[in-house]
Chemist: 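The structure is given below, and queries will be raised subsequently.
Below, read A as the first sequence line, B as the second, and so on, with proteins coming before strands; counting in each chain starts at 1.
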There are 2 protein chains.
Amino acid sequence: MLDLVRLRVLVAVARERSVTAAAEKLHYSQPSVSHHLARLEADVGAPLTQRAGRGIRLTEAGRILAARAEEILGQVEAAQTEVAEHAGLRAGRLRLAAFPSALATLVPRAVARFSAAHPAIDIALNEAEPPVALTGLRNGEVDVAMIFAHGDSPAGDDRNTTITPVLTEPMYVVTPANRQWPGERTKLATFAHARWIAGCERCRLHLVAACEAAGFTPDIAFETDDYVAVQALVAAGLGVSTLPGLALVANRHPDVRIDRLPDDHRRIAVATYGRSPAPLPVQAFITALREAMVTPAWP
Amino acid sequence: MLDLVRLRVLVAVARERSVTAAAEKLHYSQPSVSHHLARLEADVGAPLTQRAGRGIRLTEAGRILAARAEEILGQVEAAQTEVAEHAGLRAGRLRLAAFPSALATLVPRAVARFSAAHPAIDIALNEAEPPVALTGLRNGEVDVAMIFAHGDSPAGDDRNTTITPVLTEPMYVVTPANRQWPGERTKLATFAHARWIAGCERCRLHLVAACEAAGFTPDIAFETDDYVAVQALVAAGLGVSTLPGLALVANRHPDVRIDRLPDDHRRIAVATYGRSPAPLPVQAFITALREAMVTPAWP
DNA sequence: GGCATACATCAAGAATGTCTATTATTGACC
DNA sequence: GGTCAATAATAGACATTCTTGATGTATGCC
């Protein structure tokens, strides 16, 4: 295997037409350059230099190799620059998977902020519920996953991922605007006899658990992971539901009433692959996300 | 400066998606591969790999660099092949400078022989008298110089050149076919009172010296380094001359008579740059030359 | 929870690289 | 023709780096 140092030495000798001058240029000693040339000749199996009086000059083979070496060294340089630019946030891409309500609220703000700061980095966005997002993260299809967990359950499964909490948002009970309920609207038990509209599977599981804790089993009439549809169903008087703050920030149906549930919350986090440190673009994006989250302006 | 070995390791790891598998493929130990990866990351200043469960995978920067590395390694391979082919007589060029009578006789035969054996090597031919040919050799404009020397004088000046004798050819006195001379035709003294036609400068110097040795100073009426012209002048009765065997092999005017001068001869040699060993194409060409010289068929 | 797998880390010996000092050649100048 | 200056090659010492076996750590599977 050839050695880039030796190729660089050869190029320098070819340019300077002198071992001593090449050595000075490369900040080597003259014998080092001689030695490298000798090794290079042994490596390629052909004489590359000839003594010329008290100087030196290249053989035809030497000239050929020097020309190629120049190209190769240029390519190495370019590759190094490319990687450095990538690592230095001046190039690259970032693939984000986020759950719907975040994708509609936090993510656009974060992406706008991030793109302004690092315009050379391409961003790909994917809508995915947390389990799917985490799988994508593990498969290398995604660089950053925005995930959530209800209540105090763990956000991620922690296998090869680093979970960074970024926000805890309130939960609301969503009811038809004109409907009256006996009892406190901040307690789930008030809605024990209503029909329920559930969200995604994990949301439904959490809803059921929360209702059980409040002393009843919810009568789930509809399921949909579309928070816009949930509100439309509620507005149509087909049932009641719970929604997290972000879903309501993203979309607020005029004919529903919301009341905060002080005993419940949803925790939002970003997951990245592997133990820290994450790649620079990922770190920068997380920073942008946190900055975008400082003003969610809960309804 | 990046290291080709490390780039090769990176490529292997990228392909195998495993340090251990890459190590086996490269006939390294697993720790060596780990070490190389670590050094490479330090060199480029960016993380290139991530642990993935009990395996490993590349970061975006790693994938970028691996892709570039593959190209670079291919180019290195190509450069090596190119040089090897050149050294191995399957490519390259050979620039020959030869004096006129050789260029008209020996060189075509040698070139034909050489080209048949090594068709991929380009040959450039230049007509040059020995001093010019040697200068070209020293300046790197010529790879092989065919030179000659009269009598026993040295063929080359031996500065940075290797002189390989290849042939000693007879000298002839050239006279008008119908002219009678008192005395032996194999002695220069017989032509002491004739007018003389001299060749190139060195030939003229040698002619004068030879004549002086024979007891007279030649009356030089014409000078030309064209041996065809020399014979034409002699045939026209304008004088007499001496010519070496090769000139007469190349061209024989019907109206001149030639007689061998047993006391004189011309030595032909090839000069190559530097001390041995010469590049392979040069060595092969010299071999072809010697083979072409075995049958000059002196007149 | 134990086992097998895979990568990282450590330490020691081997290989390689670099330097200083020296030698060998060559060209130039007197 | 002899001496001097310049240039590259060689030799030996020292430092660095590479390679490897042994060990440690984390992960996935049963």
Chemist: Using atom CZ of Arg57(B) as one end and atom C1' of dT27(D) as the other, report the distance to the nearest whole Å.
Modeler: 15 Å

Chemist: For His150(B), enumerate each residue passing the ring pair (Phe, Tyr, Trp, His ring centres under 6.0 Å) test, keeping only those at least two apart in sequence or located in another chain.
Modeler: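 Residues passing ring pair (Phe, Tyr, Trp, His ring centres under 6.0 Å) with His150(B): Phe148(B), His206(B).
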
Chemist: Can you confirm whether Leu58(A) sits close enough to Leu10(A) that some side-chain heavy atom of one is under 4.5 Å from a side-chain heavy atom of the other?
Modeler: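 Answer yes - side chains close enough.
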
Chemist: Does this structure show an ion pair linking Glu141(B) with Arg95(B), if we count only N-O contacts that are shorter than 4.0 Å?
Modeler: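 So Glu141(B) does not pair with Arg95(B) through a salt bridge.
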
Chemist: Would one find a side-chain N or O of Ser18(A) under 4.0 angstrom from OP1 or OP2 of dT7(D)?
Modeler: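 No, outside the criterion.
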
Chemist: Can a cation-pi geometry be assigned to Arg202(B) and Phe99(B), taking NZ or CZ under 6.0 Å from the six-membered ring centre and within 45° of the ring axis?
Modeler: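 Checked: cation-pi criterion not met.
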
Chemist: Of all residues at least two apart in sequence or in a different chain, which pass the ring pair (Phe, Tyr, Trp, His ring centres under 6.0 Å) check with Phe114(A)?
Modeler: His118(A), Phe285(A)

Chemist: Whole angstrom is fine here: how far is it from CD in Gln50(B) over to P in dA8(C)?
Modeler: 12 Å

Chemist: Looking only at atom types and distance, does a side-chain atom of Glu41(B) sit under 3.5 Å from a main-chain N or O of Ala46(B), one as donor and one as acceptor?
Modeler: no

Chemist: What is the separation between atom CG on Leu37(B) and atom C1' on dC18(D), rounded to the nearest whole Å?
Modeler: 14 Å

Chemist: Rounded to whole angstroms, how far apart are CD on Glu24(B) and P on dT5(C)?
Modeler: 12 Å

Chemist: Can you figure out which of dC7(C), dT18(C), dT16(C) approaches the side chain of Thr20(B) most closely?
Modeler: dC7(C)

Chemist: Please write out the pairs of protein N or O atoms and N or O atoms of nucleotides 10-16 of chain D separated by less than 3.5 Å, giving the distance to one decimal.
Modeler:
none

Chemist: Would you say Arg39(A) reaches dT16(C)'s phosphate, i.e. side-chain N/O to OP1/OP2 under 4.0 Å?
Modeler: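 Checking Arg39(A) against dT16(C): no side-chain N or O falls below 4.0 Å of OP1 or OP2.
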
Chemist: May I ask you to evaluate whether His36(B) reaches the phosphate of dT17(D), defined as a side-chain N or O under 4.0 Å from OP1 or OP2?
Modeler: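 No, no such contact exists.
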
Chemist: Expressed in angstrom and rounded to an integer, what is the separation of Leu40(B) atom CG from dC18(D) atom P?
Modeler: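 Rounded to whole Å, this separation is 11 Å.
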
Chemist: NA contact type, Arg6(A), heavy-atom cut-off 4.0 Å: base, sugar-phosphate, or nothing?
Modeler: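 Contact class for Arg6(A): sugar-phosphate only.
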
Chemist: Can you measure Arg17(B) atom CZ to dA6(C) atom P for me and round it to whole angstrom units?
Modeler: 14 Å

Chemist: Let me know the distance between CG of Leu4(B) and P of dC18(D), rounded to the nearest Å.
Modeler: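 Rounded to whole Å, this separation is 13 Å.
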
Chemist: For Ile56(A) and dA24(C), what is the distance between atoms CD1 and C1' respectively, to the nearest whole Å?
Modeler: 14 Å

Chemist: Apply side-chain contact (heavy atoms from CB on, under 4.5 Å) to Leu4(B) and Val76(B), showing your working.
Modeler: CA-CA 9 Å; Leu4(B) 288 179; Val76(B) 170; 3.8 Å; yes

Chemist: It should be established whether Tyr28(A) places a side-chain nitrogen or oxygen under 4.0 Å from OP1 or OP2 of nucleotide dC19(C).
Modeler: no

Chemist: Nearest to the Val19(A) side chain among dT18(C), dA9(D), dA6(C), which nucleotide is it?
Modeler: dA9(D)

